Number of protein chains: 2
Amino acid sequence: MVSTVDGRLRRAAATREHILDTAERLFAERGVVAVSNRQISEAAGQGNTAAVGYHFGTKADLVRAIARRHADDIERRRKLLLARTDPAAGVREWVACLVRPVTEHLGSLGVPSWYARFGAQLATDPALRGILTDQALTTPSLREVVDRLNRRLPDLPLEVHAERAEMAGQLLVHMCAERERALARGAPTAKPDWHGTATGLIDAITAIWHAEVTPAEVAGGEAE
Amino acid sequence: MVSTVDGRLRRAAATREHILDTAERLFAERGVVAVSNRQISEAAGQGNTAAVGYHFGTKADLVRAIARRHADDIERRRKLLLARTDPAAGVREWVACLVRPVTEHLGSLGVPSWYARFGAQLATDPALRGILTDQALTTPSLREVVDRLNRRLPDLPLEVHAERAEMAGQLLVHMCAERERALARGAPTAKPDWHGTATGLIDAITAIWHAEVTPAEVAGGEAE
DNA sequence: TTTTAAGTCAATCGACTGATTTAATGGGTG
DNA sequence: CACCCATTAAATCAGTCGATTGACTTAAAA
């Protein structure tokens, strides 16, 4: 019990990882909601059709476990990048601190990867949405980078600031998913590697932050 | 058969519409994949649990029917806007021709609406994705506007052009869904109306098209 | 009025789901 | 060595799924 090396724990941990890998792939390929725990257990080579339930509990718990595994590595990379970024850096560098940890993590997964498509589903499904936001948007390094970025941002009306922050997040999630889809089906990709994709995203998000703000019309708008 | 008023057809058409409305709402609230045809039929007040199957066939057919209903109105609005846009107009005006038809359509649906969230799910679910792209990206007026826009765009490397077009599409779909979510849960929204949301999107997308293009490093990139 | 057929309803089918229960396995420990 | 127990396997449960069926309702057509 207190022994440092327990073969049973090792075996269980290995199957846990194998189930996580399998679930992630099936989720990306067929959709999170469409894949049953049974299918995952069987595809993972577990004779036990209840293996997912035994090791993780509900599907929501499984989804959380997958998300956490990746979030940890992204957080690690973000801390690293944050540490070696000049505190006096400009908007572009702080945007990079938000984008690069994600793209570099995806790059480290090899081809094909599945996490970006998985994440995009979490972001749009009403039942899963909370799982992603709860754990991805509350990490300390993320808040730190956002704080630094905000200090270097041009003066913007509060609602425009909120809107553009949302845009940056949506772009990051869904453009990564899109590239991953292209990679998975062997289609040509806009950029040859994730680093190039990140550069394109940073260009775009930086441009959004610096975009002109068209004022609302005094009484305009369309009817019907 | 040739008579102008057929009570049976009228009744059927009415229940069809009612089923479409109900399905759209449930899809947005609980997720497209998570909602069964049975639940839709029951929620629509049809004693027949197979009403969806009878009127539409498979769930994919139902999803297509919902998407088409909205796509038609959006197409109509885009044609209208295209007709009264100066052929010599600039990037910003052509971007508006892509954004405004969608936001105005959503505005016409009242609050709460469900179509934007529904569309966002179609865009990210691997099994449903084709349904959306097949019918939304092949309309004549859309191709026309994109052509006009391309002629006024700054010179961009082909891969950057493709990447930014993708960004514009993702932003449009997911920012509308996000605003709709906020509206539905009664949360404060960045902009008071859809027209303001469109203006923010047009500002952002126009800025993306005009953003600097950072060249790829000759041999840079990170390992692992 | 009778006929006809579209629309609706109620019951049912096999297949699959998550969950629970019971049995077999096999490595670590006393 | 023999025991123990976490893990894996296997069998089973009630519930829901999409799909099909035939009977009933309704209103236009003959």
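So that the names make sense, note that chain A is the first sequence line, chain B the second, and so on, each numbered from 1. Everything quoted here is computed from the prediction, not taken from an experiment.
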Look at the side chain of B:Arg38 and decide which nucleotide, out of C:dT8, D:dA19, C:dG18, has an atom nearest to it.
D:dA19
What is the distance, to the nearest angstrom, from the CZ atom on B:Phe56 to the P atom on D:dA19?
14 Å
Indicate yes or no: does A:Glu42 engage A:Arg38 in a salt bridge with an N to O separation below 4.0 Å.
no
Euclidean distance, atom CD of residue A:Glu42 to atom C1' of C:dA15 [Å, nearest integer]
13 Å
Between C:dT25 atom P and A:Gln46 atom CD, what is the distance in whole Å?
16 Å
side-chain N/O A:His55 vs D:dT8 OP1/OP2, d < 4.0 Å:
yes
A:Arg179/B:Glu163 salt bridge by N-O under 4.0 Å criterion
no
Would you indicate, yes or no, if D:dC17 has its OP1 or OP2 atom less than 4.0 angstrom from a side-chain nitrogen or oxygen of B:Gln39?
yes
Please work out whether the ring planes of A:Tyr115 and A:His105 are parallel, tilted or perpendicular, with thresholds of 30° and 60°.
perpendicular
Looking at C:dC9, D:dG18, C:dG18, which one has an atom nearest to any side-chain atom of A:Ser36?
C:dG18
Between C:dT17 atom P and A:Leu26 atom CG, what is the distance in whole Å?
12 Å
Which is true for A:Asn48 with a 4.0 Å heavy-atom rule: it touches a base, it touches only sugar-phosphate, or it touches nothing?
base
Which whole-number value in Å describes the distance from A:Asn37 CG to C:dG18 P?
5 Å
Salt-bridged, B:Arg69 to B:Asp21, with N to O below 4.0 Å?
yes
Protein-nucleotide distance (A:Ile19, atom CD1; D:dA9, atom C1'), rounded to Å
13 Å
Contact under 4.0 Å: B:Tyr54 side-chain N or O vs C:dG7 OP1/OP2
yes
Is the distance from OP1 or OP2 of C:dT8 to the nearest side-chain N or O of B:Thr15 less than 4.0 Å?
yes
